[in-house]
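Note on naming: letters A, B, ... go to the chains in the order of the sequence lines (proteins, then strands), and numbering restarts at 1 for each one.
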Amino acid sequence: MNATSGILLEFYEQLLAYFGKQYWWPGDSPYEIAIGAVLTQNTNWNNVEKAINNLKKRNLIDAQKMTNIDSNELAELIKPSGYFNLKANRLKMMTKWWQKNADRALKQHVNLDLMRNSLLSVKGIGEETADSILLYAFEYPTFVVDAYTKRFLIRHHLINEKASYHDMKLLFETHLACDVYFYREFHALIVALGKTSCKKTSPRCDHCCLNWHLR
DNA sequence: CCCCAGGCGTCCA
DNA sequence: TGGACGCATGGG
């Protein structure tokens, strides 16, 4: 275990002590998690919840029913989540993929890299959305990187401003034990921190850093 | 009024 | 390969 591993583990422990277990992802089923992953793209989770509740009222957390509903009608239901026309199409495409691949993915009968590339081939599913679905819906050990994660890493000087998604993902995966539940909790805790802290990446402030002394 | 949220695809250099 | 831009609602 090198210095970076130790720093990351210490952050994890402090986040866990401060925020407690997050029990992510909020969602009752793998398919609902995948829907949430699409709807939350650049969108506040409060708005996503409204959209998901609209879908639940119509029993649309169901791949076959999602396939059958008219796109414009679907867009109207998910309106609170923003980008509703875009996301209605993305839900349709994700669902088409789901019907063909979800069974194998849930049983992890396909290698992680292959499954990840398969998800990434769906228009509207990028790296973060793919990793969220893989980690939280299918329990593949892949680390999820988002805007909060980037801010967290920059704030603590663990990576530079122009680091790519891949750079950040690998930082975690090469320095931490490969464990689905650990990855899930760590990402959720970073989001919990991000939601309660300011957006500045520099200079560090006590509130954002919770008075931690790590540098 | 302002700014932004758990991104992504397209376009263009 | 990478930066600018459009997509859009709801909360602070």
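- The ring pair (Phe, Tyr, Trp, His ring centres under 6.0 Å) check on A/Tyr12 picks up A/Phe182, A/Phe186, with sequence neighbours excluded.
- Under the side chain to side chain contact (heavy atoms under 4.5 Å, CB included) criterion, A/Asp103 pairs with no residue, sequence neighbours left out.
- Using a 4.5 Å cut-off on side-chain heavy atoms (C-beta onward), A/Leu176 and A/Ser5 make no contact.
- Within residues 89-98 of chain A, the residues having any heavy atom under 4.0 Å from DNA chain B are, by residue number, A/Arg90.
- Between the side chains of A/Lys169 and A/Thr142, at least one donor N or O sits under 3.5 Å from an acceptor N or O.
- Under the 3.5 Å distance criterion, with hydrogens and angles disregarded, a donor-acceptor pair is assigned to the side chains of A/Gln64 and A/Gln99.
- In this structure, A/Leu189 and A/Phe11 have side chains that are not in contact, with every pair of non-hydrogen atoms separated by 4.5 Å or more.
- Sorted by residue number, the members of residues 31-57 of chain A with any non-hydrogen atom under 4.0 Å from DNA chain C read A/Asn42, A/Asn47, A/Lys50.
- Listed by chain and residue number, A/Trp24, A/Asp146, A/Tyr148, A/His187, A/Lys195 satisfy the side chain to side chain contact (heavy atoms under 4.5 Å, CB included) test with A/Val191 (two or more places apart in sequence, or in another chain).
- When rounded to the nearest whole Å, the span between CD1 of A/Ile190 and P of B/dA5 equals 16 Å.
- With both ends at atom P, the span from C/dG10 to B/dC8 equals 22 Å, rounded to whole Å.
- Contacts between residues 75-84 of chain A and DNA chain B, defined by a heavy-atom separation under 4.0 Å, are made by A/Tyr83.
- Once you apply a 4.0 Å limit to the heavy atoms of chain A, the touched nucleotides of DNA chain C run 5' to 3' over C/dC7 to C/dG11.
- Grouping the Ile, Leu, Val, Met, Phe, Trp and Tyr side chains by contacts below 4.5 angstrom, directly or via other members, places A/Leu114 with A/Trp98.
- Each ring pair (Phe, Tyr, Trp, His ring centres under 6.0 Å) pair with one or both residues in residues 42-94 of chain A, not counting sequence neighbours, appears once here: A/Trp25-A/Trp45.
- Using a 4.0 Å cutoff on non-hydrogen atoms, the parts of residues 121-128 of chain A near DNA chain B are A/Val122, A/Lys123, A/Gly124, A/Ile125, A/Gly126, A/Glu127, A/Glu128, ordered by number.
- Using a 4.5 Å cut-off between side-chain heavy atoms of Ile, Leu, Val, Met, Phe, Trp and Tyr, with links allowed through other members, A/Leu112 and A/Ile133 fall into the same hydrophobic cluster.
- Residues satisfying the side chain to side chain contact (heavy atoms under 4.5 Å, CB included) criterion with A/Tyr181, sequence neighbours excluded, are A/Glu139, A/Asp179, A/Arg184.
- Screening residues 102-135 of chain A for ring pair (Phe, Tyr, Trp, His ring centres under 6.0 Å), with sequence neighbours left out, gives no hits.
- Among residue pairs with one or both ends in residues 37-54 of chain A, none qualify as salt bridge (charged side-chain N to carboxylate O under 4.0 Å, His left out); sequence neighbours excluded.
- Regarding contacts with the backbone of B/dA5, a side-chain N or O of A/Arg151 is found under 4.0 angstrom from either OP1 or OP2.
- A/Asp131 and A/Tyr140 are not linked by any side-chain donor-acceptor pair at a separation below 3.5 angstrom, with hydrogens and angles left out of the test.
- Taking the six-membered ring for Trp and the full ring otherwise, the centers of A/Tyr31 and A/Trp97 sit at least 6.0 Å from each other.
- On the C1' atoms, B/dC1 is 22 Å away from C/dC7, given to the nearest whole Å.
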